[in-house]
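Predicted model, so just to flag it, every value in this text is computed and none were measured. Chain A is the first sequence line, chain B the second, and so forth, proteins listed ahead of strands; every chain is numbered from 1.
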Number of protein chains: 2
Amino acid sequence: MQSRHSAPRTGRPRSAAADAAILAATRAALVELGWSKLTLGDVATRAGVAKTTLYRRWAGKNELVVDAVAALFDELELPDRGSLAADIEGVVLQFAAILARPEAKSGLMAVLAESTRDDALRERIRASIVDRQKRLVLEGRVRAQARGELPPEENPESAARTADLIFDVVAGAVVHRTLVSAEPVDLTWAHAFTQVLLLGLAGAANQA
Amino acid sequence: MQSRHSAPRTGRPRSAAADAAILAATRAALVELGWSKLTLGDVATRAGVAKTTLYRRWAGKNELVVDAVAALFDELELPDRGSLAADIEGVVLQFAAILARPEAKSGLMAVLAESTRDDALRERIRASIVDRQKRLVLEGRVRAQARGELPPEENPESAARTADLIFDVVAGAVVHRTLVSAEPVDLTWAHAFTQVLLLGLAGAANQA
DNA sequence: ACCTTTCGCTACGAGTCGTAGCGTAACTGT
DNA sequence: ACAGTTACGCTACGACTCGTAGCGAAAGGT
């Protein structure tokens, strides 16, 4: 991430191990303490680095937690289960499994809350977390079109709007179920949800 | 809320005006500062009360913000627009209008984040905010059944599961659209969303 | 009048924040 | 090998917030 400005070629390089240790320590602190009681000094101690090192790399708590949580979403990928319905179910379960982890819950929601007052933070979240999920929606559609389960899109503009709608519905429902309702996203729920979504989209396409 | 233990009949009564001033000051502080930079001392100053008064009534920042945000959801009600689809659209737009306010965004998300590590807080949120929304789903179904738009439920258990699913999808999608995608819930979106939801539910009911 | 509870105010130790300064460590180009 | 450059660990610091305690005064009930 910080290689946006090509790294300086001279001087002592930043320790990649320290980066990993800090992010791991941040996640551990999120699990034990939650967002509000997490202190940067504590994270530094857990990671075995000096507090100043932490401040040299991240501007503050928000940015640090975004990076720590973003790593959790690296494992997200679109499984090929043979049908569009099964693919969606797989993604829902995968996403839910990540959200079930306490560090993901408390960390992600807290930075989202802060992002309402900080556009730069929202952009960081979008780039490192949200877009990674959105990509799955687009890939899933392409794959379903290749299978012949979906017609090729006629109007690219309305296709983009539909993709956005799907994304908000899927991610929103899973997050709400996990976080607000505090009930598990199990096979039963994922199946019922997927069915409603697919039939709704099919019906809307027929009516249009 | 604090009348759970019937108020003591003797001594100086608590000032109701102070309660209102504190909650209003909390919302104002949320707008200006956001969650993380909101301090109880600042809220007390804004409300014109002593900091100690604040601590006598609320255990901490979490509980205070929950009450302050909960008041925003008092205006939620189910409009009678003639059809199930129109009713749902109305609720979606109403809910979105509340969520669009900055104090609702930052406050609600922050306490939700904290509630992942505090069961008592989650219960408080559920009682004072979430259930008020959920009630609308149940009322909407009853009204639609009276209109003949929905069949009377056969299995009360599956009916409860369906209501939970609807609730998570509606609330989740609106929250995600507003907060994560950071795009407005306008008439176009609300209409498209409602159509997908209703057609999906109808299709799922036919297949069952 | 008397009792009870709340209120505003002040003061306090404890903890966190983010930064500065310093000497040392690690790596690069000549 | 050596000088230049950057990262690191450590310590110390003022500023701020936290949550609580103690006090006298205010506001109500009986």
Side-chain angles (χ1 to χ4, degrees), chain A residues 1-26 29-30 32-65 67 110-111 114 117-118 120-121, chain B residues 1-26 29-30 32-65 67 110-111 114 117-118 120-121:
Chain A
M1 292 298 155
Q2 59 269 43
S3 63
R4 221 171 302 166
H5 322 285
S6 56
R9 43 174 58 77
T10 171
R12 175 178 178 173
R14 287 194 171 171
S15 159
D19 253 58
I22 290 171
L23 293 177
T26 303
L30 275 176
E32 287 181 32
L33 307 172
W35 163 267
S36 63
K37 293 185 179 175
L38 179 151
T39 70
L40 295 194
D42 183 47
V43 170
T45 304
R46 287 168 188 259
V49 302
K51 193 173 58 163
T52 44
T53 298
L54 224 156
Y55 277 102
R56 287 189 188 105
R57 305 193 184 193
W58 285 277
K61 200 162 143 176
N62 292 335
E63 291 76 8
L64 172 62
V65 171
D67 285 5
V111 294
E114 289 303 311
R117 302 202 38 78
D118 183 341
L121 183 62
Chain B
M1 290 303 152
Q2 58 270 42
S3 64
R4 221 170 305 167
H5 322 283
S6 57
R9 42 173 61 77
T10 173
R12 175 177 179 175
R14 284 194 172 172
S15 159
D19 253 57
I22 291 171
L23 293 177
T26 303
L30 274 175
E32 286 182 32
L33 309 171
W35 162 267
S36 62
K37 292 184 180 175
L38 179 150
T39 70
L40 295 195
D42 184 47
V43 170
T45 303
R46 286 168 189 260
V49 301
K51 192 174 58 164
T52 44
T53 298
L54 224 155
Y55 276 104
R56 288 188 190 105
R57 305 191 184 193
W58 285 277
K61 200 162 144 177
N62 292 335
E63 291 78 8
L64 173 62
V65 171
D67 286 6
V111 293
E114 290 301 312
R117 302 202 40 76
D118 183 341
L121 183 63

Please step through side-chain contact (heavy atoms from CB on, under 4.5 Å) for the pair A:W58 and A:L40, ending with a clear verdict. CA-CA 10 Å; A:W58 285 277; A:L40 295 194; over 6 Å; no

From [atom1] of [X] over to [atom2] of [N], roughly how many Å is that when rounded to an integer?
{"X": "A:I22", "N": "D:dC8", "atom1": "CD1", "atom2": "P", "result": "8 Å"}
{"X": "A:R57", "N": "C:dG18", "atom1": "CZ", "atom2": "P", "result": "18 Å"}
{"X": "A:N62", "N": "C:dC17", "atom1": "CG", "atom2": "P", "result": "12 Å"}
{"X": "A:L64", "N": "C:dC17", "atom1": "CG", "atom2": "P", "result": "11 Å"}

At 10 degrees resolution, what angle do the end axes of the helix from C:dA1-D:dT30 to C:dT30-D:dA1 form when each is taken over five base pairs?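 What I find for the helix from C:dA1-D:dT30 to C:dT30-D:dA1 is an axis angle of 30°.
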
Establish, with yes or no, whether the OP1 or OP2 oxygen of D:dA26 is under 4.0 angstrom from a side-chain nitrogen or oxygen of B:R12.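 Answer no for this pair, as no side-chain N or O of B:R12 is under 4.0 Å from OP1 or OP2.
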
Considering just the side-chain nitrogens and oxygens of A:T10, establish if one lies under 4.0 Å of OP1 or OP2 belonging to D:dT6.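 For D:dT6, OP1/OP2 do not have a side-chain N/O of A:T10 under 4.0 Å.
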
What residues form a side-chain contact (heavy atoms from CB on, under 4.5 Å) with [X], not counting sequence neighbours?
{"X": "A:R12", "value": "none"}
{"X": "A:T45", "value": "none"}
{"X": "B:A50", "value": "B:T52, B:T53"}
{"X": "A:A21", "value": "A:A47"}

For a quick test of reading the model, state the closest non-hydrogen atom pair linking B:E114 to A:S36 and the distance between them.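 In this case the closest contact between B:E114 and A:S36 is OE1-OG, 2.9 Å.
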
For nucleotides 11-23 of chain D, give me one character per nucleotide, 5' to 3': B if any protein heavy atom sits under 4.0 Å from the base, S if the only such contacts are to the sugar-phosphate, - if neither. ------SBBBB--

